[in-house]
There are 2 protein chains.
Amino acid sequence: MTQHKHVTLLQVAKHAGVSRATASLVVRGSKNISEATREKVLKSIQDLGYIYDRVAANLRSKSSSTVGLIIMDLANPFYSELLIGIHQELTKCGQTVILGTTFNSYDTQSRLLSTMLEHRVGGIILFAVPGSKSEVIEQILSWGIPVVLLGRKVPGANCDYVGMDNVMGGQLAVDHLIQKGHRRIAFLGGPSQITSWQERKQGYDNAHHKAGINIDASLVIEGPVTRESGVELIQQILRIPDPPTAVFCYNDIIALGVMMKLKEMGLVPGRDIGIVGFDDIPEAVMLSPKLTTISSFARLMGARAATLLHERIEGLSMEPQRIILQPKLIVRETC
Amino acid sequence: MTQHKHVTLLQVAKHAGVSRATASLVVRGSKNISEATREKVLKSIQDLGYIYDRVAANLRSKSSSTVGLIIMDLANPFYSELLIGIHQELTKCGQTVILGTTFNSYDTQSRLLSTMLEHRVGGIILFAVPGSKSEVIEQILSWGIPVVLLGRKVPGANCDYVGMDNVMGGQLAVDHLIQKGHRRIAFLGGPSQITSWQERKQGYDNAHHKAGINIDASLVIEGPVTRESGVELIQQILRIPDPPTAVFCYNDIIALGVMMKLKEMGLVPGRDIGIVGFDDIPEAVMLSPKLTTISSFARLMGARAATLLHERIEGLSMEPQRIILQPKLIVRETC
DNA sequence: CTGAAAGCGCTTACAG
DNA sequence: CTGAAAGCGCTTACAG
């Protein structure tokens, strides 16, 4: 039963009294093998404790059964949700996931990309770091390895993209705040170099224009995507001469920090100050008051990216796709 | 610059005017290569757009640069934290992580283990599903592939284990509740088949015995590890004739559900009913009132497991280790 | 279904 | 450092 030395397919074949080619067909689940032969081989595999070497098989057949996934930061539940969606979908089609996290570092991303290419992944799902170059993407594509960009576009890169309508999301959020009577609305947090920030800001602008409200640039402050940054930014914005009556946060993580600090200051979100987040992470509903936010359907987004990548790997040659999910305003208690 | 066909090491060698063996030494960073030769080869690699094929190299040299990681559920921040710790540590030593999630399904775990073995991982970190058999572990070990068990022991399996002192954790939690004057303390949630549940329950028992309080079996209800389960269980336990005045939750996820429901019922955790959780997930501090809990140092636990696995892979042959982290009571606002 | 041969891209081992 | 050969474990292609 237990076997200490490495068992190869040839040994299995000998044990079963068939040829190596036949054994190979059996492990790959070929149709043109008689039931009797299949059973003989499977029994030998059991008896010898044989493990199929997918790595060797991939080398010979020039195929791959792995997919690289590069995201920013597991600590943000938004990415966990994304990962869940991707992982579920990819596992369904027999792909194994190689994981990498960049923590927003360009160098880390470069290193991860190299590592994954060296491991001969069949494709890559990339949540790109700010400042990513389209040349890098194009180069990978030119090697025949499909790339699906997730959440953030890379300007100039002509490849598949799955993301959401951030402009619309920003607009929905700010429309709602305006409709609730707010006129001075801050936009807090997030790095302004990335497209999703720019797009949400665009939505913020659009909503103001539509309502005929002038934008006060001092109400827009960027920052890293952490709770700490939220804590910091809300203090900063409340110190200005004419502070905002409501805040649109770049995402829920920022909103978490903002709310923590507000409660500490004795202010009640939703009563004393309006707040809208972005992403609808599971935590949003656990806060009190519950966070009003824009859902970005992270799991679905992940699943879509996985499906798209899988189609590419299967060689369905179509034009680069752009899948843009529509955001949804989830009104809860903070506005 | 850009290259459409697969470039091999032999082509690089020819381009650089050296032998294949020399080129191989360069890509592996060997010391006994002159600086001039190294530069020539590196230039050719650049010019041709060569990608080192780690898969082929691993096949030939019978080594591996990947590690398999099997956990339950990414949606629980406890596992995200674990993953962060593991991932950071493993990346440091040049290992690539292959990820799998079981969602508590034995079959899924079996499938993931097979897949990882077929991918020739150098080792496996396993957060074992309830009901895992020690034979399976022993078999993998017998193939020379180290396994580190994380968080949950598998009875009978003689291999490395990194976890925490759950008995002590349970005891700390319940000691604290007793010291705060509670006498009827519920233990809610978690699957009783897994060792960590049994150990926390043991701690619960110990604290009661130490204080000379009888245990009322009707105060202990198990259940799945979800917020929904927390919501359900707190309702159930408050309906009994003589309800508890405090609750020790199997973990913070359960506590989250419990607190949500209590607040909905108009009860204030910490004032009307005492609550202690387990794990100290980042959310614990974001709740209001903030959750008193037992920290299980997830990131550290992950890092320790990764280091241990790495040592094993390096072939440091020592007795199977048991690393048991000490839990810590974090007193906040719910008790 | 079998059998013998070649090859995937690399490393190993060795004589020079 | 070079060069030629063998081999890691598999698949491919083909004649039988």
Side-chain angles (χ1 to χ4, degrees), chain A residues 3 5-42 44-45 48-66 115 117-122 143-145, chain B residues 3 5-42 44-45 48-66 115 117-122 143-145:
Chain A
Q3 197 76 22
K5 297 264 37 116
H6 235 64
V7 181
T8 73
L9 193 53
L10 185 56
Q11 294 172 43
V12 169
K14 286 207 175 120
H15 185 273
V18 302
S19 74
R20 176 154 59 159
T22 307
S24 176
L25 288 170
V26 171
V27 294
R28 283 179 290 157
S30 162
K31 287 274 161 208
N32 18 351
I33 294 282
S34 72
E35 201 45 49
T37 313
R38 181 191 311 284
E39 302 226 312
K40 250 192 325 190
V41 175
L42 291 178
S44 298
I45 288 176
L48 299 176
Y50 169 72
I51 305 174
Y52 181 54
D53 191 330
R54 208 167 282 280
V55 166
N58 284 338
L59 173 61
R60 181 59 180 92
S61 61
K62 292 173 160 300
S63 60
S64 171
S65 51
T66 57
T115 306
L117 293 171
E118 292 182 358
H119 278 281
R120 291 290 183 262
V121 292
W143 282 319
I145 300 178
Chain B
Q3 198 76 20
K5 297 264 37 114
H6 235 63
V7 181
T8 73
L9 194 53
L10 185 56
Q11 295 173 41
V12 169
K14 286 207 174 120
H15 185 273
V18 301
S19 75
R20 176 152 60 157
T22 307
S24 177
L25 288 170
V26 171
V27 293
R28 283 179 290 156
S30 163
K31 288 274 159 206
N32 18 351
I33 295 283
S34 73
E35 201 44 51
T37 313
R38 180 191 313 283
E39 302 227 311
K40 250 192 325 190
V41 174
L42 291 178
S44 298
I45 287 176
L48 299 176
Y50 169 72
I51 305 173
Y52 182 54
D53 191 331
R54 209 167 281 280
V55 166
N58 284 338
L59 173 61
R60 181 59 180 90
S61 61
K62 290 172 162 302
S63 60
S64 171
S65 52
T66 58
T115 305
L117 293 171
E118 292 182 359
H119 278 282
R120 290 291 182 262
V121 292
W143 281 320
I145 301 179

field: Within 6.0 Å of NZ in B/Lys14, more than 12 heavy atoms from elsewhere
entry: no
field: Listed nucleotide nearest any side-chain atom of A/Ser19, set D/dC8, C/dC10, C/dG3
entry: C/dG3
statement: The answer to which of A/Leu10 and B/Arg38 contacts DNA chain D further toward the 5' end, by nearest nucleotide, is B/Arg38
No-hydrogen, no-angle side-chain donor-acceptor test under 3.5 Å, B/Arg28 and B/Ser24: yes
query: For A/Ser64 and A/Asn58, does a side-chain donor sit closer than 3.5 Å to a side-chain acceptor?
result: no
task: Starting at the 5' end of nucleotides 11-16 of chain C, put B wherever the base has a protein heavy atom under 4.0 Å, S where only the sugar-phosphate does, and a dash everywhere else.
output: BS----
task: With heavy atoms under 4.0 Å as the rule, sort B/Val18 into base, sugar-phosphate or nothing.
output: sugar-phosphate
- request: Apply the test side-chain contact (heavy atoms from CB on, under 4.5 Å) to residues A/Val7 and A/Ile51: give CA-CA distance (whole Å), side-chain angles for both, the deciding distance (0.1 Å), then the verdict.
  value: CA-CA 7 Å; A/Val7 181; A/Ile51 305 174; over 6 Å; no
message: Going by salt bridge (charged side-chain N to carboxylate O under 4.0 Å, His left out), name the pairs with one or both residues in residues 48-57 of chain A, residues two or more places apart or in two chains.
response: A/Asp53-B/Arg120, A/Arg54-B/Glu118
Rounded distance (Å) that lies between atom [atom2] of [N] and atom [atom1] of [X]:
X	N	atom1	atom2	answer
B/Lys14	D/dG3	NZ	P	11 Å
A/Glu118	C/dG9	CD	C1'	13 Å
B/Gln11	C/dC8	CD	C1'	13 Å

message: For DNA chain C, report each stem as range with range, ordered by first number, or say none. Use Watson-Crick or G-U wobble pairs under 3.5 Å, at least 3 in a row.
response: C:1-3 with D:14-16, C:5-12 with D:5-12, C:14-16 with D:1-3
